[in-house]
Amino acid sequence: MSIQNDPNQVLIFDTTLRDGEQCPGASMGLQEKLQVAQALARLKVDIIEAGFPIASPGDFEAVEAIASSIQGPRIAGLARCVERDIEHAGRAVAPAGDRGRIHVFLATSAIHREFKLKKAKEEIIRAAVAGVLQAKEFVDDVQFSPEDASRTELPFLAEVCEAVIDAGATTVNIPDTVGYAVPEEFGACIRYLKEHVANIDKAVIHVHCHNDLGLAVANSLEALRYGARGVECTLNGIGERAGNCSLEEIVMALRTRKDAYPGLFTNIEAKEITRSSRLVSQLTGLHVQRNKAIVGANAFAHESGIHQDGMLKERSTYEIMNPEDVGLVTGTELVLGKHSGRHAFKEHMGNLGFPLDGEALQQAYEAFIALADKKKHVYDDDLVAIMQSTYNESGGAFVLKYLHVSTGNQTVPTATVRLEKEGEIYEDAACGDGPVDAALKTIERITGVHGVVEDFTLQSITTGKDAMGEVTVAARFNEGKLVTGKASSTDIVEAGARAYLNCINRHLAG
Ligand code: KIV
Ligand code: ZN
């Protein structure tokens, strides 16, 4: 029943689509989630946690769609130990057949028992066991998580684990829900469970660490020393608050420091890491900081003369991993020009992780030709960016057709905007405090949607004066959820206008 082929295999349970998506502003639509799930399958993660089916009809639909279409990994749906939750999760993962998993959770720490659940220890055990038994009616593969495990009394934690394994849980996942643990203590917790849970050999121990103290990867690695064999993680480390253990960091730590973790390995296709990371950043609108380990823009950049000199003499003086190992091909200038055909473009985009056909191919190709007309060099990063802009717009209700802004240091910035929606054309003009403000105000006048822009970030994607500028906007509408939109253009006002329009389209799409 276990999916571990070898006792030293570390299972990678990816929760980008569940815990990652809980990150403010990170929410994704169905098509976006399917794209991420495809990337996770290419990465060869062992389990995809596709969502929390009871949370909303959209979540249910996404888990069901992923369970129906993604081949390879197991597909998990999250549920509280509540009948309706488990029933929803069971139905949502059903299309995955025997690759379906239900992940039930219930808090066990004293603080959660007393203040959140108002339940005694015995009641917690009863509810946990009942949850696992009910989940077993839908699938064989049931995972149980004692939420806030790292702040739970160890003897009680062991008691809960033993009871749920007896009830049929095949994985027990030990979460450091609030990112409070430190490595020595977290490792000791796993050792304690190995020594005190009589039936622990009937289940795989996973760990699920949050990064509030920046220790999620360190805690996960320490847990592996004491017998955990599954790590729950997300691409780019996105997730609640400070995020989750980052997939790329744990995978590359195990690969690079085989000496420190003898024998342990994952089945991850590391060459897929860079493009998967980019895809998640594009689709969620969450930037990857430049100095982020493994996938940040500076992760393999060497600035100081001493380092560069050392690198030229012997790469390993300053580089512990090859960028190629994580699929980073540096200095890649697209060999296609504006006269290149659709076929070569399609193939290149496929290699970048964007398999395109039909209308989507046509739109992306037109955007590429338009860019190649404006820009001397088109880089892969430019293509990833235009791909995202095209994708956002094709899924949205309003499309930017025309933008004219007059601005200067002696004039009142004024924008004229033309939008199209379902074949209808709308046009208006407005003034603002700057060209971006004028463009955004005009978009609001046309759409009738007014938001509060909480963040507006501009960064250049490639180098040179003609570099594409990528704008990420985070906006809130009617005091609701934070919505992010991203767009790129060689014109940064246009990129800002498109990014804000993406936010509005996402907001209108619900
Ligand atoms: O952080 C946490 O405890 C969780 C559980 C649902 C596993 O995300
Ligand atoms: Zn979590």
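Computed over heavy atoms, backbone and side chain alike; hydrogens, waters and symmetry mates excluded. Start at 1 and go down the list; that is how both ligands and their atoms are numbered.
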Checking heavy atoms under 4.0 Å, the part of E240 that sits near ligand 1 is neither
Find all atoms of ligand 1 within a distance of less than 4.0 Å from any non-hydrogen atom belonging to T177, and give their numbers and elements. 1 (O), 2 (C), 3 (O)
Pull out every atom of ligand 1 sitting under 4.0 Å from any heavy atom of H210, numbered as shown with elements. 1 (O)
Can you find an N/O atom of E232 closer than 3.5 Å to an N/O atom of ligand 1? no
Using side-chain heavy atoms (C-beta onward) and a distance below 4.5 Å, is R113 in contact with I124? yes
Ionic contact status for E185 with R151, cut-off 4.0 Å: no
Out of T15, V288, T284, which one pairs with I238 under the side chain to side chain contact (heavy atoms under 4.5 Å, CB included) rule? T284
Strictly below 4.0 Å, N to O, side chains only: are R91 and E87 in salt-bridge contact? yes
Nearest protein heavy-atom contact for atom 5 (C) of ligand 1: which residue, which atom, what distance? R18 NH2, 4.0 Å
Can you check whether N173 has an N/O within less than 3.5 Å of an N/O in ligand 1? no
Between E272 and R275, does at least one N-O distance fall below 4.0 Å, as a salt bridge requires? yes
Is any side-chain heavy atom of S246 less than 4.5 Å from a side-chain heavy atom of C233? no
Quick one: nearest non-hydrogen protein atom to atom 4 (C) of ligand 1, plus distance? H208 NE2, 3.4 Å
When you compare ligand 1 with E147, is there at least one nitrogen or oxygen pair between them that comes in under 3.5 angstrom? no
If you count heavy atoms of other groups shown closer than 6.0 angstrom to NZ of K119, is the number above 12? no
Under 4.0 Å from a heavy atom of S145: give me the atoms of ligand 1 that qualify, with their elements. 7 (C)
N/O/S atom of D19 under 2.8 Å from the Zn ion (ligand 2), yes or no? yes
